[in-house]
Trainee: 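Would you mind keeping the following structure in view while I ask a few things?
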There are 2 protein chains.
Amino acid sequence: MTPSMMTCVMHFGEMGSRWGFNRTVGQIYALLILSEEALCADDIGATLSFSRSNVSMGLKELQSWRLVNLVHKPGDRKEYFTTPNDMWDIVKTIIEERRKREVDPTLTLLRSTLVEPPQNEEEAYAQKRMQQMLGIIEQATSWADDIQSMDSDTLARLFKLGVGVGKVLQIGEKLTGGGK
Amino acid sequence: MTPSMMTCVMHFGEMGSRWGFNRTVGQIYALLILSEEALCADDIGATLSFSRSNVSMGLKELQSWRLVNLVHKPGDRKEYFTTPNDMWDIVKTIIEERRKREVDPTLTLLRSTLVEPPQNEEEAYAQKRMQQMLGIIEQATSWADDIQSMDSDTLARLFKLGVGVGKVLQIGEKLTGGGK
DNA sequence: CTGTAATTTCAGTAATTTCTGAAAATTGTA
DNA sequence: TACAATTTTCAGAAATTACTGAAATTACAG
């Protein structure tokens with residue numbers, strides 16, 4: 001671990017805590033991403049000065065997010081961990097998991113609320129707002145689905161399109177027959 | 001506050017805590033979104049059973065995110081708060097603020113690390129990974145910039161395009177002369 | 001099956017974050 | 001300016017979350 005690697009690991013520890021992971025999990029994941037070889041729990045604990053059990057819990061969390069790959073070395077009983085080579089796969093997995101954990105329950109809640117007729121003026125307005133939220137979330141998720149279905153190269157090209165997205169919009173609407 | 005409104009407010013309280021706000025801030029904001037009239041701090045505290053000072057801190061946090069509008073009623077000294085009518089404006093502001101608080105510092109860190117030549121093999125690999133991260137984050141932010149520059153209608157039309165985005169990609173690349 | 005290496009669980013503790021009430025500061029009005 | 005209404009600050013309390021070490025469990029080699 002060189003100092004600049006350590007700085008990066010610490011930074012992702014801080015950032016992780018703003019993204020729903022805790023500091024430990026953020027640091028472990030950054031370390032795994034920056035390391036060429038697979039690391040075992042003891043390696044991680046020694047490098048980051050976490051207790052063995054803390055590392056175990058962090059790795060379990062990362063596994064529940066499907067963000068690490070478990071590998072075994074021949075003639076070695078320990079479990080070693082790696083991260084996907086393609087960074088896009090990591091991003092896609094995070095989007096997928098956050099959707100499952102956060103977005104889907106919200107969709108369910110909003111939909112079930114909106115099937116009930118409003119009881120009064122106040123609720124009628126609240127439902128109008130909930131309808132707006134629902135619309136945005138539905139659009140965003142259907143669009144996230146599209147992203148999930150693209151391979152990394154296509155996705156990278158789409159992003160590279162950059163400001164062109166605006167220009168392309170009109171043509172897209174003609175093609176799909178959408179827009180008014 | 002009808003029961004279904006309260007359910008929604010509580011839900012966003014829970015969700016808020018996964019998005020870097022605390023429960024209080026999430027509940028206050030959900031309440032403001034669902035309420036047609038502007039609310040003052042006392043209204044909010046009474047409805048959600050928070051202390052006056054807790055409401056004050058929550059509103060301060062929301063103001064620092066530029067997510068609430070401060071309004072005054074004639075002949076009334078209290079401060080009242082509302083949320084933007086257009087839900088897209090809310091989403092755009094959140095993207096903008098998260099970028100400022102989380103993405104920009106990360107970009108700075110990665111860039112400053114990557115200008116230093118690697119000291120050894122280990123660091124060379126780490127830099128390769130950091131370069132991948134940097135590439136993705138740069139692409140994502142330039143694309144977020146495009147979104148910021150669109151008005152709500154354009155944005156909504158883009159999302160509605162849905163799966164068409166894939167099809168449109170090839171044409172886009174011809175137009176902008178990008179891709180290989 | 002036995003023994004050992006490794007991982008996981010979990011109860012208790014430490015650290016952090018959130019929340020409150022009281023006091024201070026600010027704002028607008030007469 | 002003085003006063004009252006309102007908001008903000010902040011030190012400490014309460015609640016939550018993270019972390020540890022010890023014990024339990026699992027996995028595998030012989």
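Predicted model, so just to flag it, every value in this text is computed and none were measured. Every chain is numbered from 1 and lettered A, B, ... according to where its sequence line falls, protein lines coming before strand lines.
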Trainee: Hey, what are the protein-to-nucleotides 24-30 of chain C N/O distances that come in under 3.5 Å?
Mentor:
unit_1 : atom_1 : unit_2 : atom_2 : d
C:dT27 : O2     : B:R77  : NH2    : 3.3

Trainee: Spell out, as yes or no, whether a donor-acceptor pair under 3.5 Å connects the side chain of A:K92 to the backbone of A:M150.
Mentor: yes
Trainee: Mind calculating the distance between CG (A:D76) and P (D:dA29) to the nearest angstrom?
Mentor: 11 Å
Trainee: If an axis is fit to five pairs at each end of the helix from C:dC1-D:dG30 to C:dA30-D:dT1, what is the angle between the two, to the nearest 10°?
Mentor: 30°
Trainee: Nearest-Å distance, NZ (A:K78) to P (D:dC28)?
Mentor: 15 Å
Trainee: Report the residues that fulfil side-chain hydrogen bond (donor to acceptor under 3.5 Å, both in side chains) with A:R111, sequence neighbours left out, ordered by chain and then residue number.
Mentor: A:E138
Trainee: Enumerate the residues from residues 23-36 of chain B whose closest heavy atom to DNA chain D is under 4.0 Å, giving them by residue number; use none for an empty result.
Mentor: none
Trainee: Expressed in angstrom and rounded to an integer, what is the separation of B:D42 atom CG from D:dT6 atom C1'?
Mentor: 8 Å
Trainee: Who passes side-chain contact (heavy atoms from CB on, under 4.5 Å) against A:E116, sequence neighbours left out?
Mentor: none
Trainee: Could you tell me how far apart A:Y80 (OH) and C:dA6 (C1') are, to the nearest whole angstrom?
Mentor: 11 Å
Trainee: List for me each residue that meets ring pair (Phe, Tyr, Trp, His ring centres under 6.0 Å) alongside A:F21, sequence neighbours excluded, and say none if there are none.
Mentor: A:W65
Trainee: Could you give the CZ-to-C1' distance, from B:F50 to D:dA14, as a whole number of Å?
Mentor: 15 Å
Trainee: Scan residues 5-22 of chain B for pairs that pass side chain to side chain donor-acceptor pair (under 3.5 Å), counting only residues two or more places apart or in two chains.
Mentor: A:E102-B:W19, A:T106-B:H11
Trainee: Give me each pair satisfying salt bridge (charged side-chain N to carboxylate O under 4.0 Å, His left out) with a member in residues 27-46 of chain A, each pair once, sequence neighbours excluded.
Mentor: A:D42-A:R52
Trainee: Going through the checks in order, is the salt bridge (Lys or Arg N to Asp or Glu O under 4.0 Å) test met by A:R99 and A:E96?
Mentor: CA-CA 5 Å; A:R99 176 180 167 173; A:E96 233 171 274; over 6 Å; no
Trainee: Between A:P105 and B:M15, which heavy-atom pair has the shortest distance, and what is it?
Mentor: CB-CE, 4.5 Å
Trainee: Might you work through the side-chain contact (heavy atoms from CB on, under 4.5 Å) test for B:C40 and B:E79, ending with a clear yes or no?
Mentor: CA-CA 6 Å; B:C40 70; B:E79 297 182 319; over 6 Å; no
Trainee: Reading DNA chain C from 5' onward, which residue's closest nucleotide shows up sooner: B:S51 or A:A41?
Mentor: A:A41
Trainee: Quick one: side-chain hydrogen bond (donor to acceptor under 3.5 Å, both in side chains) partners of B:D76, sequence neighbours excluded?
Mentor: B:Y80
Trainee: Go through B:L34 and B:C8 one step at a time and tell me if the side-chain contact (heavy atoms from CB on, under 4.5 Å) criterion holds.
Mentor: CA-CA 9 Å; B:L34 297 184; B:C8 186; 4.0 Å; yes
Trainee: Roughly how far, to the nearest 0.5 Å, is OG1 of B:T141 from CD1 of B:I95?
Mentor: 12.0 Å
Trainee: Apply side-chain contact (heavy atoms from CB on, under 4.5 Å) to A:E123 and list each qualifying residue two or more places apart in sequence or on a separate chain.
Mentor: A:P118, A:Q119, A:N120, A:Q127, B:T2, B:S4
Trainee: What integer distance in Å separates B:N54:CG from D:dT8:P?
Mentor: 13 Å
Trainee: Are a donor atom and an acceptor atom from the side chains of A:S35 and B:R129 found within less than 3.5 Å of each other?
Mentor: no
Trainee: Does any residue of residues 6-20 of chain A have a heavy atom under 4.0 Å from DNA chain C, and if so, which ones, in number order?
Mentor: none
Trainee: Mind listing the closest non-hydrogen atom pair of B:D89 and B:P84 along with its distance?
Mentor: CB-CB, 4.2 Å
Trainee: Between the protein and nucleotides 8-10 of chain C, list every N/O to N/O distance that falls short of 3.5 Å.
Mentor:
unit_1 : atom_1 : unit_2 : atom_2 : d
C:dT8  : OP2    : A:S56  : OG     : 3.0
C:dT9  : OP2    : A:K60  : NZ     : 3.1

Trainee: Is there a side-chain contact (heavy atoms from CB on, under 4.5 Å) between A:Y29 and A:V68? Walk through the geometry before answering.
Mentor: CA-CA 8 Å; A:Y29 202 58; A:V68 290; 3.7 Å; yes
